[in-house]
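These notes concern the structure reproduced below.
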Amino acid sequence: MKVLTWNVNSLRTRLPRLLALLEREAPDVALIQEVKMLEEEIPYDRLAAAGYSALVNGQRTYNGVAILSRHHGEEIARAFPGDPVPEEARVLAARVGGLTIVCVYVINGQSAGSPAYERKLVQLRSLRDWITSTFDLEQPVLVGGDFNLAPDDRDVWDPAGWKGHTHATEPERAEFRALLDLGFADLFRLHHDEGGVFSWWDYRQGAFHKREGLRIDLLLGTEPLARRCTEVRIDRNERKPSAGEGAPSDHAPVIATFDD
DNA sequence: ATGGTTGGTCGCCAA
């Protein structure tokens, strides 16, 4: 089984690249963030032609999340108690085969101490409370998406410069560690100890070329899933310009492989 | 600290 997560920064703009990625990697499941489309605008036919059904929690202009799967998925939820921004489409949970999947797009937080940052901390806490009270974490559960936080300094290109800034503050990291403490593994870290491997680079100032990024796109798995995880990689090539498929997202896909 | 670039939408907001 192969699962990936990718913040596409507009499904409309990124569709040619998404279809190429699906063909190239042939994941069983793809968690997608920043769809920025209403459900009625989703190109279900194009996705179906590529072999995927789509569950979508859509929104115009901002946010929007989707779960694509080769086999039929069943929606579980698109909201959770205590979400400080229930009007924003940032979560979608589904059952696909024997797997429970939660696709998340966590609040960015703008700057540490801002109202948006405070909402981000509340969202992370509420998300954790919902997950622990709703799902059987002895079973295979995958929580993945754009967490808008770098779990530790290995996940930040300039830890000194980012110290205290949103995505790298201690309260965000404490919320993340508390989520892991429910019984999740950061699947990338099962296979990689090194720093400097990132999933997001600012569009500006040639950040990608200078390797100035963050690892904020994460796949978390409960133990029954984590023990089957054989590989996690980040497809840096997807962040580069490509001929014929349009501009890249500012995020690269994170791709995990599992024994069946 | 600010600014730079991208996307959605058409004067800006969000990232």
Side-chain angles (χ1 to χ4, degrees), chain A residues 5-21 31-43 46 56-66 83-91 103-124 144-151 155-169 172 176 198-218 234-254:
Chain A
T5 182
W6 190 23
N7 180 325
V8 295
N9 187 14
S10 171
L11 178 59
R12 184 181 287 106
T13 297
R14 221 64 62 203
L15 185 63
R17 294 190 72 131
L18 175 62
L19 293 173
L21 176 69
L31 284 57
I32 305 295
Q33 302 86 39
E34 287 208 78
V35 168
K36 297 186 177 180
M37 296 173 78
L38 296 170
E39 280 155 79
E40 53 264 40
E41 301 173 311
I42 299 293
R46 303 283 301 278
V56 180
N57 182 8
Q59 186 181 330
R60 186 183 141 159
T61 309
Y62 304 117
N63 311 312
V65 290
D83 185 356
V85 287
E87 69 281 10
E88 299 184 359
R90 292 179 174 274
V91 67
C103 176
V104 300
Y105 175 46
V106 173
I107 292 170
N108 175 291
Q110 292 173 350
S111 61
S114 69
Y117 173 83
E118 298 302 327
R119 287 194 290 271
K120 180 182 194 176
L121 296 180
V122 171
Q123 185 173 61
L124 287 165
D146 178 356
F147 283 76
N148 267 316
L149 68 87
D155 305 311
V156 179
W157 69 274
D158 175 16
W162 277 82
K163 188 174 174 59
H165 288 79
T166 184
H167 296 67
T169 67
E172 292 166 86
F176 180 73
F198 307 130
S199 66
W200 171 86
W201 300 261
D202 198 301
Y203 278 125
R204 298 166 285 192
Q205 305 279 94
F208 177 72
H209 182 69
K210 293 187 282 188
R211 299 183 173 263
E212 297 178 352
L214 303 175
R215 190 177 70 92
I216 57 176
D217 299 276
L218 311 172
I234 299 177
D235 183 4
R236 269 181 57 89
N237 287 330
E238 188 51 63
R239 182 61 177 76
K240 300 174 181 171
S242 78
E245 291 167 9
S249 170
D250 47 350
H251 296 251
V254 182

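A, B, ... follow the sequence lines: proteins, then strands. Residue 1 opens every chain.
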- Task: To the nearest 0.5 angstrom, please state how far the CD1 atom of A/Ile32 sits from the CD1 atom of A/Ile42.
- Result: 10.5 Å
[M] and [N], which share atom name [atom1], separated by this distance in whole Å:
| N | M | atom1 | answer |
| --- | --- | --- | --- |
| B/dT9 | B/dA15 | P | 15 Å |
| B/dT6 | B/dT2 | P | 23 Å |
| B/dA14 | B/dG3 | C1' | 16 Å |

Listed pairs, N/O of protein and of nucleotides 13-15 of chain B, under 3.5 Å:
residue	atom	partner	partner atom	Å
B/dC13	O2	A/Tyr62	OH	3.3
B/dA15	OP1	A/Arg90	NH2	3.3

- Task: Scan for side-chain hydrogen bond (donor to acceptor under 3.5 Å, both in side chains) pairs involving residues 205-214 of chain A, sequence neighbours excluded, and state none if there are none.
- Result: none
- Are OP1 or OP2 of B/dT9 and a side-chain N or O of A/Arg60 less than 4.0 angstrom apart?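 So the side chain of A/Arg60 is within the cut-off, an N or O lying under 4.0 Å from OP1 or OP2 of B/dT9.
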- Is there a side-chain polar atom (N or O) of A/Thr61 under 4.0 Å from OP1 or OP2 of B/dT9? yes
- Message: Please list all pairs meeting salt bridge (Lys or Arg N to Asp or Glu O under 4.0 Å) that have one or both residues in residues 10-20 of chain A, counting only residues at least two apart or in different chains.
- Response: A/Arg12-A/Glu41, A/Arg17-A/Glu238
- Residues two or more places apart in sequence or in another chain: which of them pass side chain to side chain donor-acceptor pair (under 3.5 Å) with A/Trp157? none
- Task: Not counting sequence neighbours, which residues clear side chain to side chain donor-acceptor pair (under 3.5 Å) with A/Asp202? List them please.
- Result: A/Arg204
- Task: Mind checking side-chain contact (heavy atoms from CB on, under 4.5 Å) for A/Asp83 and listing every partner two or more places apart, or none if nothing turns up?
- Result: A/Phe80, A/Val85, A/Gln123
- Message: Nearest whole Å is fine: how far is B/dT6 C1' from A/Asn7 CG?
- Response: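 That distance rounds to 12 Å.
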- Query: Taking CD from A/Gln205 and C1' from B/dT2, how many angstroms apart are they, rounded to a whole number?
  - Reply: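 Rounded to whole Å, this separation is 10 Å.
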